[in-house]
Each structure stands twice: as C-alpha cells, then as structure tokens.
Student: 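Take a look at the following structure, please.
Please read all numbers here as calculations on a predicted model, not as lab measurements.
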Amino acid sequence: MHHRHPEIAPQLLSETDEQRQLRTVLRDFYAETSGVEDLRTHLATPRGYDEALWARLAREIGVHGLAVPEEYGGSGFTFAELAVALEESGRALYCGPLLPTVVLAAHALLLSGDRTACERYLPRIADGTLTATVAGFDDGVPGVAAERGSGGWVLRGQTDFVLDGAGAELILVRAGTPAGPRLFACEPAPDSCRRTPRRVLDETRRQALVEFLGAPAAAVGAADGAEGTADGTEGAVSATLDAGRAALAAEQVGGSGHALDATVAFVAQRHQFGRPIGSFQAVKHRLADVLVALEAARSASAYATACAAVASPQLPVAACAAAVVCSETFRLATAEYVQLHGGIGFTWEHPAHLYVRRARGAEVLFGTADQHRARLAGLVGPAARTATPRPAA
C-alpha cells in the first residue's frame, strides 16, 4: 500500500553543509576542466570522454565512491551526496559514464546481496579503475539466456541500446535461466562478445548493441538452487532502475538550471530597440514559466533522492513522478534555451543544441512519460490501495 502522505523526514529534503560544499567544489571543477570545447574534443575519441578527468573525479573528489559503503572501498555516504554530484555533472553536460557505472552497476551489485561480487568489483568502481554497465534490465522477457557450460555459466543472445555498452569493462546482465531470470557478471572479450555502437541522438551518452556469443559469466546474487532467486533478481533489477530514474532526474535538474541561467544571462546583455530583450514582458513570462517548472522539478528530484537515500518503499512512486516532471522541465528549459538565443541558438556551434539532445535522449531513457504515468496509476491508483474500514463516527 502506498500512503497518500509518505513519511519522509523534512530534513532529508534540504541540502546539508557538506552537500553544499561538494556542490561548490564540483561546479568549480567542471568550470575549469570540462568546457564545451573540451566536450566536443573528447566526443571524437574512442571512449567518448576524458579518461584523465574521469580518474581525477574518482581520486581527487571521490565522486565514484560517494554511495559505496566503506567496506567496499567507498566513502559510505548516501544517494543524497551522489545526487549532488549527478546534478552538477548534468549542469556541465559531463559525458563520462557516471550513470551506468556509479549508479546502475554499483546499485545492482549492492542490491544483489552478493558480498563476493561486491568485494570483487565495487572497490574498482569506487577508485575509478573499472567502468561498468547493466544490460537487459528493461526487457520484459530477457533477450539473453544463460546456460551451463563445461566451465560454468555462459551467455547467449543480445540486448540493445546498452549504456556505454561498447566500452564498459564489466556488464551486469539480466538473463533467463530454466529457474527464471538471474543476474550475471560478464567481463566481455572480443571472441565471445560482439559490441556494436549505435548512432544515437545524444552523443554524450553512448549506447551499443551487445551480442553474447557464449560469453563466460558468473552468477550474482543468491546461491544456485536457492528459493526466491528469480524474485530476488527482479526486485534488485526494479530497484536499480528506480535508482537510475532518481539519478537521471538529478541530472535533468542540473541541465535545466544551466539552460535557464545561460538564457537569463543572454537576454540581459542582448539589446533590441535600445533595451535588453530581457526587459520585454513576453520574454519575462517565458523565463518565469521555466523557473516555476524548475522549482517543481527540484522538489520532485529532492523527494526521489531522499527516498533512494533511505531505501524508502515509496521510491517507485517518487522515481516515476520525478521522471515525468524533470523530463518535461528539461525539455522546456532547453527549448527556451534555443528559442531565446535567436539565430545563434540554432547553430551547431552553440552549446544549446547539445543540451537539447541530452534532454530528448534522457526523457525516454528509462521509459517514456506515458509509461511512467501508467506505472504511477498502478502504484497509487484505486486498484493499488488496500481497502481499510473507516473508524465509527
């Protein structure tokens, strides 16, 4: 049952001093190291991002290990601190694989409850030496099957549009078995795993078709033959995707904030008819609409972040709501980013089009707005509520 008034401590919705300091450090860091021209340069490289900057984020600031427990080499903070880092990376349009590695893969490992797998992979994720992703998590019926070979499990089949699928050094795969879906860890090799980059709208977030051709893999999670293995896998997969939606919402808030700030700065200095165009009432109204939408998105993102930080049962509701609100806000903010910059905003040379592409790609990454609304209806609608008798008057 999902209560109409979820119980989340109000202080979890406010930023702490440590989180504010982290935000300041990251904003200054990205301003110095990750400008638009740097971004364009690294998009043309084989990995699509600055690998030295990736290492610095892990080593100097500790972004990769923020939400990783100390026993696995992380800092032992919560999703709330990670969300701050994601918001700032979204604001700077950072193109490193934080979402697939630090959010999806790391959470999948933690939620699996497999200490051996966590001890093997999480310290390397936390120190920035391992990139990882997940595959097949949003497939209804797994497109990959696991079968036992002479040396253990092997994977066969394919899954498409895998985030960082062409470059990740570890892929956590949801694959079908005779006992139901299981989670497997695969370190892909060229002879058993074919990875084909896909051409996508948002070049800052690469995706690929991954084909498993008898790829060796290790089962992650409950021991073979244990009861509830399939149910536990599906629960971990669903929770991982909800964490991904909350993370993506934080990114979208950051991108929307950049779009609004850049547009406000432009209309304040661009003159027509002897006055700044920002003084025209029509422009003010359009920017006010973006600001109102952005505040709503911040609230939705903060609630989803708080739910993820404390593993609240309300996370599915909060994550879907944030996905809808933040996607629509990012789309609006980037549209006005282009429109209110006039002719220059439509050119490929201007950064606005990169944010537009990120916004359009992000709004369908973990499902469309309509799919999220349909899921919300199932979670909080009349059919989802348990009937309880009213107390006698």
Student: Take a 6.0 Å sphere around CD of Gln269 and say whether it holds more than 12 heavy atoms from other residues, nucleotides or ligands.
Tutor: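 Buried by this count: over 12 neighbours within 6.0 Å.
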Student: If you define the side chain from C-beta out and look only at heavy atoms, does anything of Thr177 sit under 4.5 Å from Phe184?
Tutor: yes
Student: What pair of heavy atoms forms the shortest contact from Val324 to Ala369, and how long is it?
Tutor: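 Heavy-atom minimum between the residues: CG2-O, 3.9 Å.
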Student: Is the shortest heavy-atom distance from the side chain of Val63 to the side chain of Leu26 under 4.5 Å?
Tutor: yes
Student: Got a donor-acceptor contact below 3.5 angstrom from the Arg56 side chain to the Glu51 backbone?
Tutor: no
Student: Does Gly35 offer a backbone N or O that forms a donor-acceptor pair with the side chain of Asp38 under 3.5 Å?
Tutor: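 Yes: the side chain of Asp38 pairs with the backbone of Gly35.
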Student: Between Phe366 and His372, is the gap from one ring center to the other below 6.0 Å?
Tutor: no
Student: If every non-hydrogen atom of Gln252 is compared with every non-hydrogen atom of Cys326, which pair is closest and at what distance?
Tutor: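 Looking at all heavy atoms of both residues, the closest pair is OE1-CB, 3.3 Å.
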Student: Tyr72 and Arg115: side-chain contact (heavy atoms from CB on, under 4.5 Å), yes or no, with the steps?
Tutor: CA-CA 9 Å; Tyr72 299 128; Arg115 289 188 60 86; 3.3 Å; yes
Student: Under 3.5 Å, is there a donor on one side chain and an acceptor on the other for Asp114 and Ser112?
Tutor: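 On atom types as modelled, these side chains do not qualify, holding no pair under 3.5 Å.
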Student: Nearest 0.5 angstrom please: Leu340 CG to Phe266 CZ, how far?
Tutor: 9.0 Å
Student: Between Lys284 and Asp289, does any NZ, NE, NH1 or NH2 come within less than 4.0 Å of an OD or OE carboxylate oxygen?
Tutor: no
Student: So do Arg270 and Gln272 actually touch side chain to side chain, heavy atoms under 4.5 Å?
Tutor: yes
Student: Could you go through Asp202 and Thr204, starting from their C-alpha distance and side-chain angles, then the distance that decides it, and tell me whether this counts as side chain to side chain donor-acceptor pair (under 3.5 Å)?
Tutor: CA-CA 5 Å; Asp202 178 14; Thr204 67; 2.5 Å; yes
Student: Within the structure provided, determine whether Asp50 and Ser34 are in side-chain contact (heavy-atom separation under 4.5 Å).
Tutor: no
Student: With distance as the sole test, does Thr240 use its side chain to make a donor-acceptor pair with the main-chain N or O of Ala236 at under 3.5 Å?
Tutor: yes
Student: Does Arg194 CZ have over 12 foreign heavy atoms under 6.0 Å away?
Tutor: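 Open: at most 12 neighbouring heavy atoms sit under 6.0 Å from CZ of Arg194.
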Student: Do any N or O atoms from the side chain of Arg206 and from the backbone of Leu43 form a donor-acceptor pair under 3.5 angstrom?
Tutor: yes
Student: Can you confirm whether Leu86 sits close enough to Leu99 that some side-chain heavy atom of one is under 4.5 Å from a side-chain heavy atom of the other?
Tutor: no
Student: Roughly how far apart are Glu187 CD and Leu170 CG, rounded to 0.5 Å?
Tutor: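 Reported to 0.5 Å precision, the distance equals 6.0 Å.
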Student: Under the 3.5 angstrom rule, does the side chain of Thr334 hit a backbone N or O of Arg331 as a donor-acceptor pair?
Tutor: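 Looks like yes, one N/O pair under 3.5 Å.
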Student: Taking the basic N atoms (NZ, or NE/NH1/NH2) and the acidic carboxylate oxygens, is any pair closer than 4.0 Å for Arg23 and Glu87?
Tutor: yes
Student: With the side chain counted from C-beta on, respond yes when Gln19 and Thr16 share a heavy-atom pair under 4.5 Å apart, and no when they do not.
Tutor: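 In short, these two side chains touch, coming nearer than 4.5 Å.
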Student: Taking the six-membered ring for Trp and the full ring for Phe, Tyr or His, determine whether the centres of His285 and Phe280 are under 6.0 Å apart.
Tutor: no
Student: Starting from Leu104, can I reach Leu110 by hopping between I/L/V/M/F/W/Y residues whose side chains sit under 4.5 Å apart?
Tutor: yes
Student: More than 12 heavy atoms of other residues, nucleotides or ligands under 6.0 Å from CD of Glu295: is that the case?
Tutor: yes
Student: Considering only residues two or more places apart or on different chains, which pairs with a residue in residues 247-260 satisfy salt bridge (charged side-chain N to carboxylate O under 4.0 Å, His left out)?
Tutor: Arg205-Glu251, Glu251-Arg358
Student: Using the test side-chain hydrogen bond (donor to acceptor under 3.5 Å, both in side chains), find all partners of Arg286 that sit at least two apart in sequence or belong to another chain.
Tutor: Glu336
Student: Return the CD to CH2 distance between Glu147 and Trp153, rounded to the nearest 0.5 Å.
Tutor: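 The distance works out to 9.5 Å.
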Student: Quick check: does any side chain N or O of Arg124 sit under 3.5 Å from a backbone N or O of Leu130, one acting as donor and the other as acceptor?
Tutor: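 No; zero donor-acceptor contacts below 3.5 Å.
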Student: Looking at Asp164 and Arg47, is any side-chain nitrogen of the basic one under 4.0 Å from a carboxylate oxygen of the acidic one?
Tutor: yes
Student: Would you kindly say whether Thr368 and Asp370 are connected by a side-chain donor-acceptor distance under 3.5 Å?
Tutor: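 Thr368 vs Asp370: no donor-acceptor pair found between side chains.
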Student: Spell out, yes or no, whether Tyr49 and Phe29 are grouped together once hydrophobic residues are joined by side-chain heavy atoms under 4.5 Å, including indirect joins.
Tutor: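 Looking at the clustering, Phe29 is in the same group as Tyr49.
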Student: Does the pair Arg20 and Glu88 meet the rule for a salt bridge (charged side-chain N to carboxylate O under 4.0 Å, His left out), with working shown?
Tutor: CA-CA 11 Å; Arg20 277 190 287 272; Glu88 290 306 311; over 6 Å; no
Student: Can Leu315 be reached from Val310 by stepping across I, L, V, M, F, W or Y side chains whose heavy atoms are under 4.5 Å apart?
Tutor: no
Student: A side-chain contact here means heavy atoms from C-beta on lying under 4.5 Å apart; do Leu57 and His64 qualify?
Tutor: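 Result yes, sub-4.5 Å side-chain heavy-atom pair found.
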Student: Could you walk me through whether Thr263 and Val290 satisfy the side-chain contact (heavy atoms from CB on, under 4.5 Å) test, starting with their C-alpha distance in whole Å, then the side-chain angles of each, then the deciding distance to 0.1 Å, before giving a yes or no?
Tutor: CA-CA 11 Å; Thr263 306; Val290 176; over 6 Å; no
Student: Taking all atoms of both residues into account, what is the closest heavy-atom pair of Val134 and Val162, and its distance?
Tutor: O-CG1, 3.4 Å
Student: Looking only at heavy atoms, which two atoms of Leu109 and Cys118 are closest? And how far apart?
Tutor: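 The answer is O-SG, 3.3 Å.
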Student: Would a single hydrophobic cluster contain both Leu82 and Tyr121, if residues Ile, Leu, Val, Met, Phe, Trp and Tyr are joined by side-chain heavy-atom contacts under 4.5 Å?
Tutor: yes
Student: Under the ring-ring contact (aromatic ring centres under 6.0 Å, His included) rule, what do Tyr337 and His350 come out as? Steps first, then yes or no, please.
Tutor: CA-CA 10 Å; Tyr337 191 9; His350 197 275; 5.8 Å; yes
Student: Quick check: closest heavy atoms across Cys95 and Leu39, and the distance to 0.1 Å?
Tutor: SG-CD1, 3.3 Å
Student: For His42, is there any backbone N or O sitting under 3.5 Å from a side-chain donor or acceptor partner on Thr45?
Tutor: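 It does hold such a pair.
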Student: Could you walk me through whether Arg375 and Asp242 satisfy the salt bridge (charged side-chain N to carboxylate O under 4.0 Å, His left out) test, starting with their C-alpha distance in whole Å, then the side-chain angles of each, then the deciding distance to 0.1 Å, before giving a yes or no?
Tutor: CA-CA 12 Å; Arg375 187 181 180 214; Asp242 282 330; 2.7 Å; yes
Student: Keeping the roles fixed (side chain from Thr133, backbone from Leu163), state whether a donor-acceptor pair exists under 3.5 Å.
Tutor: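 A pair under 3.5 Å: yes.
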Student: Is the shortest distance from a Lys or Arg side-chain nitrogen in Arg198 or Glu203 to a carboxylate oxygen in the other one below 4.0 Å?
Tutor: no
Student: Would you check, one step at a time, whether the test side-chain contact (heavy atoms from CB on, under 4.5 Å) holds for Gln158 with Phe212?
Tutor: CA-CA 6 Å; Gln158 66 180 41; Phe212 298 96; over 6 Å; no
Student: Quick check against the 3.5 Å criterion: does Arg195 have a side-chain atom that pairs as donor or acceptor with the backbone of Ala168?
Tutor: yes
Student: What heavy-atom pair brings Gly128 and Trp54 nearest, and what distance separates the two atoms?
Tutor: O-NE1, 3.2 Å
Student: Before you tell me yes or no, could you show the steps for Val173 and Val210 under side-chain contact (heavy atoms from CB on, under 4.5 Å), namely the whole-Å CA-CA distance, both residues' side-chain angles and the distance that decides it to 0.1 Å?
Tutor: CA-CA 10 Å; Val173 187; Val210 181; over 6 Å; no
Student: Test your reading of the model: is there a side-chain donor-acceptor pair from Ser238 to the backbone of Glu234, 3.5 Å cut-off?
Tutor: no
Student: Using 4.0 Å as the upper bound for N to carboxylate O, is an ion pair formed by Arg156 and Glu211?
Tutor: no
Student: Check side-chain hydrogen bond (donor to acceptor under 3.5 Å, both in side chains) between Gln339 and all other residues, then give those that pass, not counting sequence neighbours.
Tutor: none
Student: Quick one, Val325 and Phe330 - any side-chain contact, counting heavy atoms below 4.5 Å?
Tutor: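 No, every pair of side-chain atoms sits at 4.5 Å or beyond.
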Student: Do Val103 and Leu22 share a hydrophobic cluster (ILVMFWY, side-chain heavy atoms under 4.5 Å, transitive)?
Tutor: yes
